[in-house]
Amino acid sequence: MIKTYYSQQPPEFERGKQCAIIRLDINEEPAVAAADETEGGEQWSAYEFLRYEPITQNIFIEEIFTRLYGNDYENKLINEYNAAKMGMYPDGEMEQKITRYRAFLQERSARKAEIERICNENGIK
């Protein structure tokens with residue numbers, strides 16, 4: 001996933017004629033000074049997700065999750081979680097695999113809620 005950088009704080013949502021953009025993890029950070037500049041100043045970064053028609057909450061969620069995690073990432077975590085529950089790893093590794101999958105589920109749930117909030121605020125059903 002590649003961050004996009006802006007000179008000013010970007011909006012979480014933008015609507016075009018046949019597309020929409022959702023930005024997640026919008027953060028202010030120090031700008032890297034260019035060779036011809038004396039000061040770096042501040043800049044904003046975000047993960048930007050562009051979607052063309054049709055645009056729905058579910059399509060946005062599916063597309064963003066695929067771009068963030070790929071198609072097989074969750075399956076890998078589930079397999080590791082199940083193997084850990086069956087005792088197929090050394091003790092320290094078992095807890096690590098279980099914790100990793102739980103953290104993924106929490107992160108995904110928080111991201112889904114954020115995407116739903118942005119869509120609801122902007123009339124995307």
Side-chain angles (χ1 to χ4, degrees):
M1 182 60 45
I2 298 174
K3 281 187 178 181
T4 305
Y5 293 90
Y6 310 87
S7 58
Q8 297 177 342
Q9 182 177 6
E12 285 182 315
F13 183 85
E14 278 187 70
R15 181 77 184 215
K17 287 186 179 185
Q18 296 179 341
C19 65
I21 298 171
I22 287 182
R23 293 182 185 89
L24 302 177
D25 297 337
I26 299 171
N27 293 303
E28 186 176 15
E29 43 188 73
V32 178
D36 60 343
E37 294 180 24
T38 56
E39 294 182 30
E42 295 296 322
Q43 67 182 1
W44 294 83
S45 68
Y47 293 111
E48 185 172 282
F49 302 93
L50 171 67
R51 172 71 194 164
Y52 288 94
E53 296 285 349
I55 299 169
T56 67
Q57 263 188 38
N58 286 338
I59 290 173
F60 248 132
I61 289 167
E62 181 180 339
E63 189 167 306
I64 290 171
F65 282 5
T66 300
R67 287 185 54 200
L68 285 174
Y69 307 113
N71 290 324
D72 297 323
Y73 182 69
E74 183 177 12
N75 288 336
K76 177 183 180 284
L77 293 178
I78 290 169
N79 288 338
E80 290 175 349
Y81 174 86
N82 288 332
K85 284 294 196 178
M86 293 190 309
M88 299 181 78
Y89 294 106
D91 287 339
E93 232 178 294
M94 282 193 310
E95 191 55 41
Q96 178 188 11
K97 303 292 185 186
I98 292 168
T99 301
R100 190 169 156 194
Y101 185 52
R102 285 183 181 150
F104 168 77
L105 292 175
Q106 290 171 338
E107 177 185 334
R108 188 181 67 183
S109 178
R111 288 216 185 263
K112 183 176 185 262
E114 181 180 14
I115 295 164
E116 288 173 339
R117 176 190 58 78
I118 292 168
C119 285
N120 287 332
E121 288 175 359
N122 292 282
I124 305 294
K125 301 295 176 198

Task: Gap separating the CD atom of Glu63 from the CZ atom of Phe49, nearest 0.5 angstrom - done: 9.0 Å

Open item on the list: Rounded at 0.5 Å granularity, tell me how far CD in Gln18 sits from OH in Tyr52.
Closed with: 9.0 Å

Open item on the list: Could you check whether any side-chain N or O of Asn58 sits under 3.5 Å from a backbone N or O of Thr56, counting only pairs where one atom can act as donor and the other as acceptor?
Closed with: no

Task: Thr66 OG1 to Asp72 CG distance, which is reported to the nearest 0.5 Å - done: 10.5 Å

Task: CD/Glu121: more than 12 non-hydrogen atoms of other groups inside 6.0 Å - done: yes

Task: Residue pair Ser45 / Glu29: nearest heavy atoms and the distance that separates them - done: OG-OE1, 2.8 Å

- [ ] Grab the two heavy atoms, one from Cys119 and one from Gln57, that are nearest each other, plus how far apart they are.
- [x] CB-CG, 3.2 Å

Open item on the list: Quick check: do Lys76 and Arg100 have side-chain heavy atoms less than 4.5 Å from each other?
Closed with: yes

Task: Sequence neighbours excluded - salt bridge (Lys or Arg N to Asp or Glu O under 4.0 Å) pairs with any residue from residues 81-96 - done: none

- [ ] Determine whether Ile124 and Phe13 make a side-chain contact, defined as any pair of heavy atoms from C-beta on separated by less than 4.5 Å.
- [x] yes

- [ ] Heavy atoms only: give me the nearest Arg15-Ala20 pair and the separation to one decimal.
- [x] CD-CB, 4.1 Å

Open item on the list: Whether Arg102 and Glu80 form a salt bridge (side-chain N of Lys/Arg under 4.0 Å from carboxylate O of Asp/Glu) is what I want to check.
Closed with: no

Task: Aromatic plane relationship, Phe104 with Tyr101 - under 30° parallel, 30 to 60° tilted, over 60° perpendicular - done: parallel

TODO: For the residue pair Tyr73 and Leu77, establish whether any side-chain heavy-atom pair is separated by less than 4.5 Å.
DONE: yes

TODO: May I ask you to check whether over 12 heavy atoms, not counting those of Glu107, lie within 6.0 Å of atom CD?
DONE: yes

TODO: Specify the closest pair of heavy atoms between Lys97 and Ala84, including all atoms of both residues, with the distance to one decimal.
DONE: CB-CB, 4.0 Å

TODO: May I ask you to test the Ile26-Tyr6 pair for a side-chain heavy-atom distance under 4.5 Å?
DONE: no

Task: Nearest non-hydrogen partners of Ile22 and Leu24, listed with the distance - done: CG2-CD2, 3.9 Å

Task: Check against side-chain contact (heavy atoms from CB on, under 4.5 Å), Arg23 and Tyr47 - done: CA-CA 5 Å; Arg23 293 182 185 89; Tyr47 293 111; over 6 Å; no

Task: Transitive ILVMFWY side-chain link Tyr81 to Met94, under 4.5 Å - done: no

Task: For the student: nearest non-hydrogen atoms of Leu105 and Glu74, plus distance - done: CD2-OE2, 4.1 Å

Task: Note, Ile64 side chain near Arg111 side chain (heavy atom, < 4.5 Å) - done: no

- [ ] Answer yes or no: is there a side-chain heavy-atom contact under 4.5 Å between Phe60 and Ile118?
- [x] no

Open item on the list: Are the side chains of Glu48 and Leu50 in contact, using a 4.5 Å heavy-atom criterion?
Closed with: no

TODO: Enter the distance from Glu12:CD to Ile21:CD1 here, rounded to the nearest 0.5 Å.
DONE: 13.5 Å

